[in-house]
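Numbered from 1 within each chain, the chains take letters A, B, ... in sequence-line order. Every value quoted in this text rests on a predicted model; they were computed, and no experiment measured them. For the numbers below, each heavy atom of this structure counts, side chains included, while hydrogens, waters and symmetry mates do not.
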Number of protein chains: 2
Amino acid sequence: MEKKIFNKFLKERGQKFTKERSAILQRIFSYHGHFDTESLYLKIRETGLKASRASVYRTLNLLRECGLIEKVTKTEHGTIYEYTFGHEHHDHMLCIGCGTIIEFYSEDLERLQENICRRQDFKGVTHSLEIRGYCKRCQKNKK
Amino acid sequence: MEKKIFNKFLKERGQKFTKERSAILQRIFSYHGHFDTESLYLKIRETGLKASRASVYRTLNLLRECGLIEKVTKTEHGTIYEYTFGHEHHDHMLCIGCGTIIEFYSEDLERLQENICRRQDFKGVTHSLEIRGYCKRCQKNKK
DNA sequence: ATTGATATTGAGAATCAGTCTCAATTATGG
DNA sequence: CCATAATTGAGACTGATTCTCAATATCAAT
Ligand SMILES: [Mn+2]
Ligand SMILES: [Mn+2]
Ligand SMILES: [Zn+2]
Ligand SMILES: [Zn+2]
């Protein structure tokens with residue numbers, strides 16, 4: 001399914017659906033969640049498939065333009081992406097203690113943001129809300 | 001006022017309030033808003049004061065720890081900070097067209113976020129909400 | 001004011017994610 | 001199969017940020 005979408009996207013731009021791009025897409029699809037560029041690159045090597053770092057970076061940009069993945073956040077160690085096709089929009093809590101990412105979605109929150117944009121004559125396209133703090137477990141460990 | 005705070009912060013850690021740190025703080029204070037590291041560095045040179053890039057980076061980190069400034073966002077061209085002391089908390093809309101930053105604050109939004117955290121047993125410390133889209137002017141220009 | 005212990009500075013080296021180069025290779029429509 | 005244009009990958013490059021370390025500045029105690 002996602003292959004079809006990517007293929008169509010590439011065709012429309014006169015670009016090619018190569019082995020490397022296929023390998024990258026396949027691996028990302030296997031995550032069904034968050035991943036960073038370097039892990040992705042290493043995972044691909046591990047599994048015998050091949051694609052250079054350059055191709056991984058290039059393909060991630062294509063997949064983003066195509067709408068299959070999104071940047072979640074930039075850490076000191078690189079950009080974190082997530083596979084979004086077939087996943088509902090959501091925002092993130094990030095535990096400062098252990099790095100855990102909690103996903104959440106609130107209809108009220110989304111609606112409220114739309115109202116705020118309207119009030120400012122701003123046409124919102126995307127947004128990212130990241131709440132940093134301590135997860136349940138890390139709160140306990142601190143005591 | 002902000003000098004006093006920074007000074008106290010440094011003393012408590014056995015650190016020194018040097019000419020360079022003073023120059024950097026002074027310049028930041030003159031912005032009363034958003035700024036990026038490189039502009040800050042250049043501005044300091046322009047005005048005859050002196051501080052190396054290394055000192056600017058080091059001092060920005062200190063000021064952040066001290067709570068006088070905050071990171072707003074990371075762009076491809078570097079980190080953007082803002083002076084927060086004496087300014088109320090707010091979030092940002094970022095125009096994809098022209099780069100304009102609009103600040104906004106919503107009591108409802110803040111309260112809603114707190115509720116969401118509570119529901120997940122998450123202890124929120126900070127958050128950043130960035131809405132990307134098109135400002136009033138850029139919406140017009142597109143037509 | 002002098003001293004001494006400690007923190008800071010700055011020039012340039014180092015780091016590191018991400019991008020670019022370009023010659024060799026591959027996909028694709030006909 | 002062919003021709004053409006896109007892609008690949010190794011390694012060079014970029015640009016922001018951090019690190020190194022010898023020279024210098026700060027400051028509390030004398
Ligand atoms: Mn997610
Ligand atoms: Mn602001
Ligand atoms: Zn945690
Ligand atoms: Zn605009």
Report task. Can you figure out which of dA6(D), dA10(D), dA11(C) approaches the side chain of S52(A) most closely? Result ->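 Selected nucleotide (nearest to the side chain): dA10(D).
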
Query raised in the report: Out of dT28(C), dA28(D), dT17(D), which has the shortest distance to the side chain of K11(B)?
Result: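 Taking heavy atoms from C-beta onward, the closest nucleotide is dA28(D).
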
On the nucleotide [N], are OP1 or OP2 found under 4.0 Å from the side-chain N or O atoms that [X] carries?
{"X": "T18(A)", "N": "dA6(D)", "answer": "no"}
{"X": "Y57(B)", "N": "dT18(D)", "answer": "no"}
{"X": "R21(A)", "N": "dT7(D)", "answer": "yes"}
{"X": "T37(A)", "N": "dG18(C)", "answer": "yes"}
{"X": "S55(A)", "N": "dT7(D)", "answer": "no"}

Report task. Please assess H127(A) against H92(B) for the test ring-ring contact (aromatic ring centres under 6.0 Å, His included), listing each intermediate value before the final yes or no. Result -> CA-CA 10 Å; H127(A) 70 262; H92(B) 296 105; over 10 Å; no

Regarding [X] and [Y], is there a side-chain donor-to-acceptor distance under 3.5 Å anywhere?
{"X": "E20(B)", "Y": "T59(B)", "result": "no"}
{"X": "E82(A)", "Y": "H87(A)", "result": "no"}
{"X": "N61(B)", "Y": "R58(B)", "result": "no"}
{"X": "E107(B)", "Y": "Y105(B)", "result": "yes"}

Just how far, in rounded Å, is [atom2] of [N] from [atom1] of [X]?
{"X": "D36(B)", "N": "dG15(D)", "atom1": "CG", "atom2": "P", "value": "15 Å"}
{"X": "H77(B)", "N": "dT19(C)", "atom1": "NE2", "atom2": "C1'", "value": "13 Å"}
{"X": "I44(B)", "N": "dG10(C)", "atom1": "CD1", "atom2": "C1'", "value": "14 Å"}
{"X": "E12(A)", "N": "dA6(D)", "atom1": "CD", "atom2": "C1'", "value": "17 Å"}
{"X": "K50(A)", "N": "dT7(D)", "atom1": "NZ", "atom2": "P", "value": "15 Å"}
{"X": "Y81(B)", "N": "dT17(D)", "atom1": "OH", "atom2": "C1'", "value": "9 Å"}
{"X": "L62(B)", "N": "dT8(C)", "atom1": "CG", "atom2": "C1'", "value": "11 Å"}
{"X": "R58(B)", "N": "dC19(D)", "atom1": "CZ", "atom2": "C1'", "value": "9 Å"}

Requested in this report: Take E20(B) and K16(B), find for each the nucleotide of DNA chain C with the closest heavy atom, and name the residue whose nucleotide sits nearer the 5' end.
Outcome: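 Nearest nucleotide further toward 5': that of K16(B).
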
Query raised in the report: Which comes earlier along DNA chain D counting from the 5' end, the contact point of K19(A) or that of A54(B), where each point is its nearest nucleotide?
Result: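 Closest to the 5' end, via its nearest nucleotide, is K19(A).
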
**Report entry** Comparing G78(B) and N7(B) on DNA chain D - which has the more 5′ nearest nucleotide
**Finding:**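 Its nearest nucleotide lies further toward 5', so the answer is G78(B).
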
Query raised in the report: Heavy atoms under 4.0 Å, any strand shown: does R53(B) hit a base, just sugar-phosphate, or nothing?
Result: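 Nothing: the residue R53(B), judged by heavy atoms under 4.0 Å, touches no strand.
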
Query raised in the report: Looking for any heavy atom pair under 4.0 Å, which part of the strands does K74(A) touch: base, sugar-phosphate only, or nothing?
Result: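 Result for K74(A) = nothing.
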
